[in-house]
Visitor: 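One structure, as structure tokens, below. Some questions next.
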Amino acid sequence: MAKPVKIMETVLRDGHQSLCATRMHLSDMLPQLAALDQVGYKALEAWGGATFDTCLRFLDEDPWERLDTLKSKLKTPIQMLLRGQNLLGYNHYSNDVVEKFVQKASQHGIGVFRIFDALNDVRNLKVAINAALNCPEKPEVQGCLVYTISPVHTNDTFVKLAKELQEMGCHSICIKDMSGLLKPYVAEDLVKKLKSELDIPVELHTHCTSGFGHATYLKAVEAGVDIIDCALAPFSSDTSQPCTETMIRMLEGTEHDTGIDVQQLTPISKHFLEVKKRLIKEFNLKGYFDINPNVLDFQIPGGMLSNLANQLKEAGMEDKYQDLLDEMPRVRKDIGYPPLVTPSSQIVGTMATFNVMSGERYKMVPNEFKDLARGKFGRTPVPVDHDFLTKTLHIAESDIIEDCSVEDAKAETFDQFKAELIGKGFLNPTDEDVLSYALFPQVAEEFFKKHYQSITAYRR
């Protein structure tokens, strides 16, 4: 009996985020959108993650206009990665900001919302999931199991989380293995358990950082996974996803045959190979990363590895790279074994960097690290040691949140962000402009200054 596997293509988002610091321009995508649309992908991931920030900060592009352009040229569903109550930023946002963002993203063309929380705290997913479920465009709403390994994480705990997400109304479940930690036989067991307990499709997302990627996909496919995330050859492997062409050929002639004609991908991949070469030169990027099985210890996601290596290179501190990788698991243990994915990966990574640079652990402690430790972002898998909070991090007893939920966060509302933006002289902002400003105030303000015809005139 045929059980064809579907492919979600990541070349337009996670592929270049993992290997080229998210620097792909819209103009690099346009020549191949028609061809990508004809392949037969389940979806094309092209928005969310770090793309929103990078468009404004480095590429001088409006992310909303990018999405409009993609929507006008694609019939294949456009998928985005959304960080639950964090949206695409690094803080918890008020419920009305989350709801407005999801509504606008759907209106502009998002057909699949992949929604996750860095701590797997479902309370941080509730508002975004409900907002997506209520969009009139009826997008697919996918809940994530942020995969990690630790003394307290097991396949059974992930199955329990998946069942909660299904009960919340999610249309599908994604095993989000952002650091390539999922071993092939563990994947087989996890997928079998999920398929036996769920009534909705299961998708698997991994990275090749550890070297497991393609083997993990094969065992997951044999266990019944419905969808796998792949990247076209030039933007695959290393810290990115397994290769699209490889997986198609691997499954050819089997009951899991994807039905995709691999030959039609050759010219598309040739185009993106040239794009990759140009991006490496334009932004002085490394562009490739060796397989590192020790990722099972430091657990840094692929996209963060590429950015981290680039930042260290720019700062002339490449010799500190291994010290930083060694410090990451120590900091993660101190703070309760959170999965390392945005924003927790950046928070833990920054703390580890400060520890290594200063030569003394926790001499300088960023406020974001204190917030994660004291419970502002939600429950950590293991409660953080009380003495560590009060004596090492010097957090006051009154600031420790015993049972944090998103309702505890006193975040600015949409109307407050709008008033703030108008107060800066931008008198006619759209809802999209307000949302851009809410997520990245300084970056968006600089972008608006460049693109408004005058400070009081709407730019479009």
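When reading the values below, keep in mind they use all heavy atoms of this one structure, side chains included, and skip hydrogens, waters and symmetry mates.
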Visitor: Ring-plane angle category for Tyr93 and Phe417, please: parallel below 30°, perpendicular beyond 60°, tilted otherwise.
Guide: tilted
Visitor: I'd like to know if the side chain of Asp177 reaches the main chain of Gly180, judged simply by a donor and an acceptor atom lying under 3.5 Å from each other, with no hydrogens or angles considered.
Guide: yes
Visitor: For this output row, return yes or no: ring centroids of His153 and Tyr337 closer than 6.0 angstrom.
Guide: no
Visitor: Say whether Thr430 and Asp433, considering side chains only, have a donor N or O and an acceptor N or O under 3.5 Å apart.
Guide: yes
Visitor: Do Trp47 and Phe113 make the cut of ring centroids closer than 6.0 angstrom?
Guide: no
Visitor: With sequence neighbours left out, which residue pairs that include part of residues 260-269 fulfil the side-chain hydrogen bond (donor to acceptor under 3.5 Å, both in side chains) condition?
Guide: Glu245-Ser269
Visitor: May I ask you to say whether Lys193 pairs ionically with Asp189, meaning some side-chain N is under 4.0 Å from a carboxylate O?
Guide: yes
Visitor: Centres of the Phe447 and Trp64 rings: under 6.0 Å?
Guide: no
Visitor: Give me the ring orientation class for His16 and Phe235: parallel if the planes are under 30° apart, tilted from 30 to 60°, perpendicular past 60°.
Guide: perpendicular
Visitor: Please assess Phe116 against Leu145 for the test side chain to side chain contact (heavy atoms under 4.5 Å, CB included), listing each intermediate value before the final yes or no.
Guide: CA-CA 7 Å; Phe116 76 93; Leu145 317 176; over 6 Å; no
Visitor: Of the non-hydrogen atoms in Thr239 and His207, which two are nearest, and what is the gap between them?
Guide: O-ND1, 2.6 Å
Visitor: Can you check side chain to side chain contact (heavy atoms under 4.5 Å, CB included) on Phe354 and Thr350, steps first, answer last?
Guide: CA-CA 6 Å; Phe354 281 10; Thr350 299; 4.1 Å; yes
Visitor: Any chance the side chains of Glu137 and Gln107 put a donor and an acceptor closer than 3.5 Å?
Guide: no
Visitor: Assess whether a salt bridge exists between Glu188 and Lys192, defined as any Lys/Arg side-chain N lying under 4.0 Å from an Asp/Glu carboxylate O.
Guide: yes
Visitor: Are Lys286 and Tyr288 in a cation-pi setup, meaning NZ or CZ lies under 6.0 angstrom from the ring centre and within 45 degrees of the ring axis?
Guide: yes
Visitor: Under 3.5 Å, is there a donor-acceptor pair linking the side chains of Glu99 and Asn95?
Guide: no
Visitor: Salt bridge check, Asp28 against Arg278: does any charged N sit closer than 4.0 Å to a carboxylate O?
Guide: yes
Visitor: Less than 4.5 Å apart, side chain to side chain, heavy atoms only: is that true for Met8 and Tyr41?
Guide: no
Visitor: With respect to Asp226, which candidate in Lys195, Lys3, Lys42, Lys6 satisfies the side chain to side chain donor-acceptor pair (under 3.5 Å) definition?
Guide: Lys195
Visitor: Cut-off 3.5 Å, side chains only: do Thr148 and Gln299 have a donor facing an acceptor?
Guide: yes
Visitor: Does the pair Gln166 and Asp199 meet the rule for a side chain to side chain contact (heavy atoms under 4.5 Å, CB included), with working shown?
Guide: CA-CA 8 Å; Gln166 179 175 266; Asp199 302 316; 3.8 Å; yes
Visitor: Regarding Glu9 and Thr244, is there a side-chain donor-to-acceptor distance under 3.5 Å anywhere?
Guide: yes
Visitor: For the residue pair Leu435 and Val97, establish whether any side-chain heavy-atom pair is separated by less than 4.5 Å.
Guide: yes
Visitor: I'd like to know if Arg83 pairs up with Asp117 as an ion pair, taking the criterion as any Lys NZ or Arg NE/NH1/NH2 lying under 4.0 Å from an Asp or Glu carboxylate oxygen.
Guide: no
Visitor: Inspect the contact between Lys126 and Asp121 and indicate whether a charged nitrogen and a carboxylate oxygen are less than 4.0 angstrom apart.
Guide: no
Visitor: Run Ile175 and Val191 through side chain to side chain contact (heavy atoms under 4.5 Å, CB included) and show every step you take.
Guide: CA-CA 9 Å; Ile175 306 165; Val191 170; 4.1 Å; yes
Visitor: Answer yes or no for Lys100 and Phe414: cation-pi contact, defined as NZ/CZ to six-membered ring centre under 6.0 Å and angle to ring axis within 45°.
Guide: yes
Visitor: In this structure, are over 12 heavy atoms from other groups packed under 6.0 Å from Lys104 atom NZ?
Guide: yes
